[in-house]
Enquirer: 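One structure is given below, represented as structure tokens, and several questions about it will come after.
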Number of protein chains: 2
Amino acid sequence: MERAVNRFTRSPIGGNTGERVYAILREAIVTAELEPGRQLSENELAELLGVSRTPLRGALARLREDRLVVIVPQLGTFVTMISRSAVEDAAFVREALECAAIRMATERITEAGLEELQVNLAAQERAEAEHDADSFDLLDEDLHRAICQQSGHEIAWALSRRANGHLDRVRRLSLPDNTYLSQMVTEHRSMVAAIAEGKPDQAEEELRRHLRTVLSSLDQIRSRHPEYFETE
Amino acid sequence: MERAVNRFTRSPIGGNTGERVYAILREAIVTAELEPGRQLSENELAELLGVSRTPLRGALARLREDRLVVIVPQLGTFVTMISRSAVEDAAFVREALECAAIRMATERITEAGLEELQVNLAAQERAEAEHDADSFDLLDEDLHRAICQQSGHEIAWALSRRANGHLDRVRRLSLPDNTYLSQMVTEHRSMVAAIAEGKPDQAEEELRRHLRTVLSSLDQIRSRHPEYFETE
DNA sequence: CCATGTGCACTAGTATACAAGTAACGTCGG
DNA sequence: CCGACGTTACTTGTATACTAGTGCACATGG
């Protein structure tokens with residue numbers, strides 16, 4: 001324990017089994033392939049994924065921190081029900097972090113950074129024209145990540161994404177709406193424009209409205225899948 | 001895996017071994033008892049704490065998410081050096097979350113909630129008069145927690161606290177300054193006053209200034225303990 | 001004396017075995 | 001027929017054993 005090494009040149013983490021399992025399970029929960037309320041058996045999942053319980057449990061522990069599962073000792077692990085408060089908490093966290101980030105990004109963005117945002121925006125417009133929702137999702141994520149990166153605090157994106165599980169689940173449960181894509185692209189365009197013009201207040205306001213559009217579909221989802229929601 | 005249970009009445013977590021180990025290690029790192037750069041041996045720590053490697057590794061994994069340790073596969077686990085960017089990231093996250101929370105708290109706080117804040121404040125004044133720094137630390141934490149709670153999003157406090165490791169480490173490394181306590185109490189008083197008067201902008205501004213006082217001691221710490229800092 | 005190669009002691013990651021506890025189901029008695 | 005009780009089959013939590021890989025030190029050859 002005495003050897004104090006300063007060389008942290010190795011990649012911090014890579015394709016750990018636990019990391020991979022976490023990503024798989026999170027995706028399954030967010031898409032409701034593993035539906036809310038479902039009990040998860042560690043043994044069964046381990047066998048299914050071809051790993052042992054040890055890395056699997058690590059993944060479940062992280063999912064618990066994301067509030068996507070509840071682990072009850074000596075009883076079981078369950079996919080959490082969708083609850084209004086959890087969704088609103090996620091929205092609150094994301095709004096707080098990203099609004100602070102877009103403010104700071106507006107003040108310190110570089111030419112190259114702005115260029116990156118606009119390239120992304122152009123790609124989004126192509127994805128919209130081709131009705132390519134999958135490409136759009138990736139571009140959407142990357143735009144928000146890039147904005148946080150330009151703020152100098154990319155950690156905001158990491159935390160926002162992490163806390164975003166409940167919102168993602170609601171979003172993925174929404175039927176792909178034709179008007180949805182064009183509305184999102186329009187809002188993104190307004191955001192980037194505000195950044196380019198150096199108006200932090202306006203950028204923040206655009207982002208805030210943008211993030212709240214997702215929340216607005218909550219009641220719709222609830223009426224379609226009442227069995228996924230917590231009884232209040 | 002088929003049994004879908006809705007009764008999540010059990011307490012979510014309790015005194016797990018991993019939880020306990022996490023708290024112990026975090027405290028040791030924050031107080032620099034385990035100094036930056038120090039290599040942590042899983043075997044040694046497990047023996048020292050009287051637990052097996054399994055829960056210990058869970059605790060280390062959480063500390064990695066807090067950026068308090070770096071785990072390099074097949075090489076070792078190390079306490080992270082203090083870096084300006086990590087400290088600034090922590091400050092950014094805390095500022096974003098708590099400022100959003102105090103805003104919302106100001107708008108929706110109840111009489112009882114305000115009463116709670118003022119009781120805390122009075123206790124802080126007593127702790128200041130008695131120069132009881134330990135009591136003050138607890139009251140300080142509780143005040144910030146209570147404000148987040150009154151916002152309706154206590155999760156803001158959980159995340160803020162979690163991201164706050166680097167800031168805590170800097171703060172704990174500071175010598176107990178006589179003027180420090182009275183300044184903090186004064187700032188807290190201003191914050192609560194702004195909440196009571198229903199002025200969200202002012203409350204946010206007071207909190208922002210309050211949080212940045214901690215950051216201001218960074219250079220001082222750095223000159224006193226250069227060996228704890230990352231070479232840039 | 002220096003350079004090079006090999007072994008060793010250590011690391012984290014993973015798999016497996018064991019312990020403690022819960023709830024549900026079946027059985028036995030009234 | 002109904003209720004209480006005990007067994008059983010599951011759960012998560014923890015400890016231990018094993019695997020793969022790293023860097024350092026020491027021995028050996030030039």
Side-chain angles (χ1 to χ4, degrees), chain A residues 1-25 34 37-80, chain B residues 1-25 34 37-80:
Chain A
M1 194 134 103
E2 287 306 317
R3 185 165 45 110
V5 176
N6 285 340
R7 296 173 227 137
F8 299 149
T9 52
R10 293 290 182 297
S11 71
I13 48 167
N16 282 35
T17 306
E19 201 78 18
R20 196 165 45 84
V21 170
Y22 169 77
I24 292 173
L25 288 181
L34 294 174
R38 169 77 159 265
Q39 179 169 12
L40 304 178
S41 163
E42 289 186 358
N43 289 316
E44 198 169 334
L45 284 178
E47 192 178 10
L48 190 68
L49 298 173
V51 300
S52 77
R53 276 183 59 211
T54 309
L56 180 77
R57 278 176 57 76
L60 289 177
R62 293 181 60 184
L63 289 169
R64 181 187 64 177
E65 292 179 355
D66 296 349
R67 304 267 220 274
L68 289 177
V69 305
V70 171
I71 302 177
V72 186
Q74 274 72 43
L75 215 171
T77 301
F78 307 87
V79 178
T80 54
Chain B
M1 195 135 99
E2 287 306 318
R3 184 166 44 109
V5 176
N6 285 342
R7 297 172 228 138
F8 299 148
T9 52
R10 292 292 182 298
S11 71
I13 49 169
N16 284 35
T17 306
E19 201 78 17
R20 195 165 46 83
V21 169
Y22 169 77
I24 292 173
L25 288 181
L34 294 174
R38 167 76 157 267
Q39 180 170 12
L40 304 178
S41 164
E42 290 185 356
N43 290 315
E44 199 169 332
L45 284 178
E47 193 178 8
L48 189 68
L49 298 174
V51 300
S52 77
R53 277 183 60 213
T54 309
L56 180 78
R57 279 176 55 77
L60 289 177
R62 292 181 61 183
L63 289 169
R64 181 186 65 176
E65 292 179 354
D66 295 349
R67 303 267 221 272
L68 289 177
V69 304
V70 172
I71 301 177
V72 186
Q74 274 70 43
L75 215 171
T77 301
F78 307 89
V79 178
T80 54

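Source: prediction; values computed, not measured. What you see below is based on every heavy atom in this structure, not just the backbone, and it leaves out hydrogens, waters and symmetry mates. Residue numbers start from 1 in every chain, and the chains themselves are labelled A, B, ... in the order their sequence lines are given, proteins ahead of strands.
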Enquirer: Please report, rounded to the nearest Å, how far the P atom of dT11(D) is from the CZ atom of R38(A).
Expert: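 Rounding to the nearest Å, CZ of R38(A) and P of dT11(D) are 13 Å apart.
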Enquirer: Might you work through the side chain to side chain contact (heavy atoms under 4.5 Å, CB included) test for D66(A) and Y22(A), ending with a clear yes or no?
Expert: CA-CA 11 Å; D66(A) 296 349; Y22(A) 169 77; 2.5 Å; yes
Enquirer: Check whether any side-chain heavy atom of V70(A) lies under 4.5 Å from a side-chain heavy atom of R64(A), and answer yes or no.
Expert: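 Answer no - side chains too far apart.
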Enquirer: Are S41(A) and dT11(D) close enough that a side-chain N or O sits under 4.0 Å from OP1 or OP2?
Expert: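 Yes, within the criterion.
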Enquirer: Could you check how far CD of Q39(A) sits from P of dA23(C), rounded to whole Å?
Expert: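 For the pair Q39(A) CD and dA23(C) P, the rounded distance is 12 Å.
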Enquirer: Given L45(A) and E47(A), is the side chain to side chain contact (heavy atoms under 4.5 Å, CB included) satisfied, shown in steps?
Expert: CA-CA 5 Å; L45(A) 284 178; E47(A) 192 178 10; over 6 Å; no
Enquirer: Once you round it to whole Å, what is the distance between C1' of dA15(D) and CG of L49(B)?
Expert: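 Going from L49(B) (CG) to dA15(D) (C1'), I get 15 Å.
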Enquirer: Pairs under 3.5 angstrom, nitrogen or oxygen only, protein versus nucleotides 19-21 of chain C, please.
Expert:
none

Enquirer: Is the phosphate of dT11(D), meaning OP1 or OP2, less than 4.0 Å from a side-chain N or O of N43(A)?
Expert: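 Yes, within the criterion.
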Enquirer: More 5' along DNA chain C: G50(A) or L60(B), using each one's nearest nucleotide?
Expert: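 Looking at the nearest nucleotide for each, L60(B) comes out on the 5' side.
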Enquirer: Tell me whether the OP1 or OP2 atom of dT14(D) has a side-chain N or O from T17(B) closer than 4.0 Å.
Expert: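 Affirmative; the distance criterion is met.
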Enquirer: How many whole angstroms separate atom CG of L75(B) from atom P of dA20(D)?
Expert: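 That distance rounds to 19 Å.
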Enquirer: From the options dA15(C), dA12(C), dT14(D), select the nucleotide whose nearest atom is closest to the side chain of S52(B).
Expert: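 Selected nucleotide (nearest to the side chain): dT14(D).
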Enquirer: Give a yes/no answer on whether the side chain of T54(A) brings an N or O atom under 4.0 Å of OP1 or OP2 in dG13(C).
Expert: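 T54(A) to dG13(C) OP1/OP2: no side-chain N or O under 4.0 Å.
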Enquirer: With the side chain counted from C-beta on, respond yes when V51(B) and R20(B) share a heavy-atom pair under 4.5 Å apart, and no when they do not.
Expert: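 Yes, at least one pair of side-chain atoms sits under 4.5 Å.
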Enquirer: Can you find a side chain N or O atom of R57(A) that sits less than 4.0 Å from OP1 or OP2 on dT12(D)?
Expert: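 No, R57(A) has no side-chain N/O under 4.0 Å of OP1/OP2 on dT12(D).
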Enquirer: So do Q39(B) and T77(B) actually touch side chain to side chain, heavy atoms under 4.5 Å?
Expert: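 Side-chain contact under 4.5 Å: no.
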Enquirer: To the nearest Å, how far apart are N16(B) CG and dT14(D) C1'?
Expert: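 Between C1' of dT14(D) and CG of N16(B): 11 Å.
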Enquirer: Checking T80(A) side chain against R67(A) main chain: does a donor-acceptor pair fall under 3.5 Å?
Expert: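 Confirmed, T80(A) side chain pairs with R67(A) backbone.
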Enquirer: In whole angstrom, give the distance that lies between atom CD of E19(A) and atom C1' of dA12(C).
Expert: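 Answer to the nearest Å: 15 Å.
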Enquirer: Run the salt-bridge test on R62(A) and E19(A) with the 4.0 Å N-O cut-off and return the result as yes or no.
Expert: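 Yes, this pair counts.
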Enquirer: Between C1' on dA12(C) and CZ on R53(B), what's the gap in Å once rounded to a whole number?
Expert: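 Distance check: R53(B) CZ to dA12(C) C1' gives 6 Å.
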Enquirer: What is the distance, rounded to the nearest whole Å, between atom CD1 of I71(B) and atom P of dT22(D)?
Expert: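 The answer, rounded to whole Å, is 17 Å.
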